[in-house]
Number of protein chains: 2
Amino acid sequence: MNVETNAALRNTKQRTAVSAVLAEADCFYSAQELHAMLRERGERVGLTTVYRTLQGLADAGEIDVMRPPGGEHLYRRCGQGHHHHLVCRDCGRAVEVEGPAVESWAERVAAQHGFKDVSHTMEIFGTCPECATKPPTTAP
Amino acid sequence: MNVETNAALRNTKQRTAVSAVLAEADCFYSAQELHAMLRERGERVGLTTVYRTLQGLADAGEIDVMRPPGGEHLYRRCGQGHHHHLVCRDCGRAVEVEGPAVESWAERVAAQHGFKDVSHTMEIFGTCPECATKPPTTAP
DNA sequence: GTAAGTGCAAACGGTTTGCAGCCTC
DNA sequence: GAGGCTGCAAACCGTTTGCACTTAC
């Protein structure tokens with residue numbers, strides 16, 4: 001599958017850099033974190049561009065957005081299909097999980113109440129095995 | 001079960017007013033909306049107090065907080081048990097729904113990956129029957 | 001009388017936008 | 001060469017905090 005999805009998205013250095021960072025990421029990052037990572041790599045990308053690129057990618061469905069308590073949005077490159085996330089609240093590692101039962105339950109419940117055009121959001125938070133064994137380090 | 005849960009919560013006019021508005025609400029309201037409703041009633045309550053009261057109530061488990069796309073928190077008085085919400089994205093009406101299957105699925109998935117201390121969030125969005133028949137009025 | 005609660009205003013943090021210049025197509 | 005893309009700074013919005021005053025207990 002190629003990237004021909006976008007109609008008029010130009011291939012700029014900044015856009016490539018953002019995509020590259022996301023491609024290597026295995027957990028959720030905030031826009032500001034991504035911006036910092038970019039600058040550490042020596043890429044000269046403005047925070048504004050990071051936001052705009054992220055919005056574009058999210059709009060194109062290439063990345064997933066999460067809105068955890070705290071106010072900042074977290075972004076991650078994701079598989080194409082619909083899925084949910086199991087996120088470690090200590091280290092931020094995220095596992096993609098599928099739950100057909102949840103999908104069908106949500107639609108069934110919505111249908112029972114006569115709701116149309118149904119969508120849903122679900123996130124599971126927990127402490128991953130590695131962080132559970134370590135002393136509970138809450139962001140040193 | 002009574003409301004003796006709070007150690008040192010005083011009964012002030014403002015706290016009562018906020019609780020009263022929430023008691024009549026059947027859908028989610030933002031802190032600012034609640035503040036506006038309070039002022040329309042003639043109650044002299046500061047926005048700060050609304051926020052603080054809301055935090056206290058949420059902390060005591062008496063109300064439920066939702067964080068929809070848009071950045072503002074929505075509050076609603078809720079039943080005690082764990083449940084989820086089916087929210088109309090047009091009129092804001094919210095229905096409390098229970099999903100034991102979802103609860104067990106979330107815990108099972110988390111356990112499969114070795115995650116401990118698991119919690120989860122889930123919201124279902126859709127268009128309720130009344131709003132579906134009406135022309136799509138986005139906030140009258 | 002004392003400590004919690006309140007309210008104003010200012011600070012705060014993340015996000016968005018206006019606009020001039022740059023760069024891709 | 002034209003239009004999108006970038007980046008700086010400032011605006012924006014909801015939320016939180018400092019501090020002095022008020023109030024419930």
Side-chain angles (χ1 to χ4, degrees), chain A residues 2-22 28-60 62-76 92 139, chain B residues 3-22 28-39 41-60 62-76 92 139:
Chain A
N2 46 27
V3 207
E4 298 280 336
T5 325
N6 312 321
L9 275 194
R10 293 183 177 174
N11 270 334
T12 65
K13 182 160 52 72
Q14 292 86 342
R15 207 170 296 248
T16 306
V18 173
S19 295
V21 175
L22 283 170
F28 280 87
Y29 289 113
S30 69
Q32 318 240 7
E33 283 173 328
L34 288 168
H35 179 229
M37 292 158 71
L38 249 15
R39 301 201 74 176
E40 281 187 9
R41 289 180 170 212
E43 307 278 359
R44 313 287 276 107
V45 183
L47 182 56
T48 310
T49 303
V50 175
Y51 275 108
R52 277 195 271 235
T53 304
L54 252 21
Q55 284 181 346
L57 290 172
D59 205 50
E62 292 187 34
I63 61 175
D64 216 69
V65 190
M66 191 173 52
R67 221 176 326 277
E72 55 182 358
H73 300 179
L74 301 184
Y75 303 87
R76 188 198 187 211
Chain B
V3 206
E4 298 280 335
T5 325
N6 313 320
L9 275 195
R10 292 182 180 175
N11 269 336
T12 66
K13 182 161 50 73
Q14 293 84 345
R15 205 171 298 247
T16 306
V18 173
S19 295
V21 175
L22 283 170
F28 281 87
Y29 290 112
S30 69
Q32 319 239 5
E33 282 173 328
L34 289 168
H35 179 230
M37 293 158 70
L38 250 13
R39 301 202 73 176
R41 290 180 171 213
E43 307 279 0
R44 315 287 275 105
V45 183
L47 182 56
T48 311
T49 302
V50 175
Y51 275 110
R52 276 195 272 235
T53 305
L54 252 21
Q55 284 181 346
L57 290 172
D59 206 50
E62 292 186 34
I63 61 175
D64 216 69
V65 190
M66 192 172 51
R67 221 178 324 280
E72 57 182 358
H73 301 178
L74 301 184
Y75 303 88
R76 188 197 187 212

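Order of the sequence lines fixes the chain letters, A, B, ..., with proteins taken first and strands second; residue numbering starts at 1 for each chain. These numbers were taken from a predicted model, which means no experiment stands behind them.
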Supply the atom-to-atom distance A:Leu57 CG to A:Arg52 CZ, rounded to the nearest 0.5 angstrom. 14.0 Å
Between OH of B:Tyr29 and P of D:dG14 the distance, given in whole Å, is 17 Å
So, does the side chain of A:Arg15 form a donor-acceptor pair with the base of D:dG4 at under 3.5 Å? no
Any side-chain N or O of B:Gln32 under 4.0 Å from OP1/OP2 of D:dC13? no
If only side-chain N and O atoms of B:Gln14 are considered, is one of them under 4.0 Å from the OP1 or OP2 phosphate oxygen of D:dT23? no
Donor-acceptor contact present, side-chain A:Glu33 to main-chain A:Ser30, <3.5 Å: yes
I'd like to know whether B:Thr12 forms a side-chain contact (heavy atoms from CB on, under 4.5 Å) with B:Thr16, so could you lay out the CA-CA distance, the side-chain angles of the two residues, the decisive distance to 0.1 Å, and finally the verdict. CA-CA 6 Å; B:Thr12 66; B:Thr16 306; 5.9 Å; no
Under the side-chain contact (heavy atoms from CB on, under 4.5 Å) criterion, do B:Leu22 and B:Leu54 qualify, and how do the steps go? CA-CA 10 Å; B:Leu22 283 170; B:Leu54 252 21; 4.0 Å; yes
Let me know the distance between OH of B:Tyr51 and P of C:dC8, rounded to the nearest Å. 15 Å
Looking at A:Arg52 and D:dG7, is any side-chain donor or acceptor paired with a base atom of the opposite kind under 3.5 Å? yes
Any side-chain N or O of B:Thr12 under 4.0 Å from OP1/OP2 of D:dA24? no
Whole angstrom value for the distance that separates C1' of D:dT15 from CG of B:Leu74: 14 Å
What integer distance in Å separates A:Leu38:CG from D:dG7:P? 9 Å
Result for 5'-nearest mapping on DNA chain D, choosing between B:Thr48 and B:Lys13, is B:Thr48
Do B:Tyr51 and B:Gln32 pass the side-chain hydrogen bond (donor to acceptor under 3.5 Å, both in side chains) test, and can you show the C-alpha distance, the side-chain angles, and the key distance before you say yes or no? CA-CA 9 Å; B:Tyr51 275 110; B:Gln32 319 239 5; 3.2 Å; yes
Within this structure, what is the CD-to-P distance between B:Glu43 and C:dT6, rounded to whole angstrom? 12 Å
First encountered from the 5' end of DNA chain D, between A:Val45 and B:Ala31: A:Val45
Rounded to whole angstroms, how far apart are CD on B:Glu72 and C1' on C:dG14? 15 Å
Whole Å only: how far is the NE2 atom of A:His73 from the C1' atom of C:dT16? 11 Å
Reckon B:Gln55 has a side-chain N or O less than 4.0 Å from the OP1 or OP2 of D:dT16? yes
Can you measure B:Leu54 atom CG to C:dG5 atom P for me and round it to whole angstrom units? 15 Å
